[in-house]
Number of protein chains: 2
Amino acid sequence: MASRPFHHGNLRVVLLEQAEAMLREGGVGGLSLRELARQAGVSHGAPRSHFVDRQALLDALAEQGFNRLTDNLRTALRTPGTLEEQARLVGRAYVDFAVHDAALMDLMFAAKQDAPSGPIHEAALRLFQVFDQALARESTQSPADDARERFKLLFTATMQGTATLLASRRIDRPQAEKLIDDAVDVLLASELGGRLLSG
Amino acid sequence: MASRPFHHGNLRVVLLEQAEAMLREGGVGGLSLRELARQAGVSHGAPRSHFVDRQALLDALAEQGFNRLTDNLRTALRTPGTLEEQARLVGRAYVDFAVHDAALMDLMFAAKQDAPSGPIHEAALRLFQVFDQALARESTQSPADDARERFKLLFTATMQGTATLLASRRIDRPQAEKLIDDAVDVLLASELGGRLLSG
DNA sequence: ACCTGAACACCGTTCAAGT
DNA sequence: ACCTGAACACCGTTCAAGT
């Protein structure tokens, strides 16, 4: 009876923390609700009080992942510099996150069959808004034009792809670094980038 | 005894085919060896003769996926046209595959902790070689320069990212189409693209 | 409101045995 | 060489019962 669970009221938080570590260790397949309960010192049915099923836990992890990545990018953007410098910093932060938490990233960008709504999608929207704000700060572009949106998508897609290629070991770190630099160069020097900065 | 298994010598092929469909239905989590055996009309231990464990089946699926995607891209490249037109076709083929077989794509680009070797990695190399050949056909670039390699990585990363964003419903089809077009435009008009085509 | 613990159906893996 | 079927440990989920 000395092993009474010590997380009164925050078992949910503890489970999420442990689940993130477990995800980092053994991927989605290695994530077990029962093992999680064991580590937390509660019965195997206890997680049910906080997550209706395994998928609900995975969803919560994905949402939390989006929020954390959003924070990371905001932190990177707090460093003063030109748009080019900031773009490199954001790109590196994005890729770093994706490599450090590859399985979590898979969860965040897993193919869903359900409708695009709910807290995960909203957290993803907040992530993409970071790019909007960063571009709006430097851009003289009128909001009516879609150049900013297209630039943002192009940048996001390239960083996401770089992250996937690196996390899956299809390319190595130096290649990824050069890829980010090339992407920033090409995008900023493009006609799209020009319209954005001096439109 | 009327239900004698009819796949003498090709149970492996049958299992892989069914597994691909199962993957398309319910994702990696929904892929069960026992269910697979049931559908094939064999005992639950039978797959063991062809795949040492579940991971071996997943690896075989990933390798097969790379080979099929390689074929799809080669087919797209068989259509005559300018480099720009071919790049759009290849981009669409890449993204189409990623959306139709999203779970398989996840398997192909899953984060592996083991060393980058083996049949999967070789199949991935063959995929990327398709881009090399396509660029070599149109390029006057000397092979010593790394412009072609950097162009290839940039293109691949962008298509991979677009595929992920679309498969995860972060963007929709029209946005993905425009994204591919923008990427091709920006890349071909870039200094890097210029060096590639007229170097 | 939150947690326990038995119960159920399912799973991957192993392995001796068959053909 | 390939397949069978029992055995084992593990899992997610449900649910009545406790506090």
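Per chain, numbering begins at 1; letters A, B, ... match sequence-line order. What's counted below: heavy atoms across the whole structure, side chains too, no hydrogens, waters or symmetry copies.
Nearest nucleotide to the side chain of A/H44, out of C/dT4, C/dA6, D/dC11: C/dA6. Nearest nucleotide to the B/S49 side chain, out of D/dC3, C/dC2, D/dG5: D/dC3. Of the candidates D/dT13, D/dC11, C/dC11, D/dC11 carries the atom nearest the A/S32 side chain, counting heavy atoms from C-beta on. Across D/dC11, D/dT4, C/dC3, the shortest atom-to-atom separation from the side chain of B/A46 is found for D/dT4. Each of D/dC11, D/dT13, C/dC11 was ranked by its minimum atom distance to the side chain of A/L33; first place goes to D/dT13. Distance from the side chain of B/R38 is smallest to C/dC11 among D/dC3, D/dT13, C/dC11.
Across the strands present, C/dA1 finds its partner in D/dT19; the criterion is a Watson-Crick or G-U wobble pair with both atom distances under 3.5 angstrom. In this structure, D/dA6 and C/dT14 make a Watson-Crick or G-U wobble pair, each of the two defining distances being under 3.5 angstrom.
Between the CE atom of B/M22 and the P atom of C/dC11 there is a distance of 8 Å, given to the nearest Å. Separating the CZ atom of A/R54 from the P atom of D/dT14 is a distance of 14 Å, rounded to the nearest angstrom. Rounded to an integer number of Å, the gap from CZ of B/R12 to P of D/dA1 is 16 Å. As rounded to whole Å, 14 Å separates atom C1' of D/dC2 from atom CZ of B/F51. Atom CG in B/D53 sits about 17 Å away from atom P in C/dC11, given to the nearest Å.
Listed for the A/R24 side chain is no donor-acceptor partner under 3.5 Å among the backbone atoms of A/A102. Checked by atom type and distance alone, the side chain of A/E17 never pairs as donor or acceptor with a backbone atom of A/V14 at under 3.5 Å.
Residue-level contact check: B/L31 touches the backbone only, with heavy atoms under 4.0 Å from sugar-phosphate atoms and none from bases. B/L57 comes within 4.0 angstrom of no nucleic acid atom, judged by non-hydrogen atoms across all strands.
Sequence order on DNA chain D of the closest nucleotides to A/E35 and A/V52 puts A/E35 first from the 5' end. Taking the nucleotide of DNA chain C with the nearest heavy atom to each of A/R34 and A/H50, the more 5' of the two is matched to A/H50.
The side chain of A/S43 places no N or O atom within less than 4.0 Å of a non-bridging phosphate oxygen (OP1 or OP2) of C/dC3. For D/dC3, the OP1/OP2 oxygens have no side-chain nitrogen or oxygen of B/R48 closer than 4.0 Å.
Taking the six-membered ring for Trp and thresholds of 30 and 60 degrees, A/F131 and A/Y94 have ring planes inclined between 30 and 60 degrees apart.
Using a 4.0 Å cut-off between charged nitrogen and carboxylate oxygen, A/D53 and A/R48 do not count as a salt-bridge pair.
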Q. Stepwise, does the side chain to side chain contact (heavy atoms under 4.5 Å, CB included) test hold for B/E191 with B/R195?
A. CA-CA 6 Å; B/E191 190 259 351; B/R195 275 168 62 196; 3.2 Å; yes

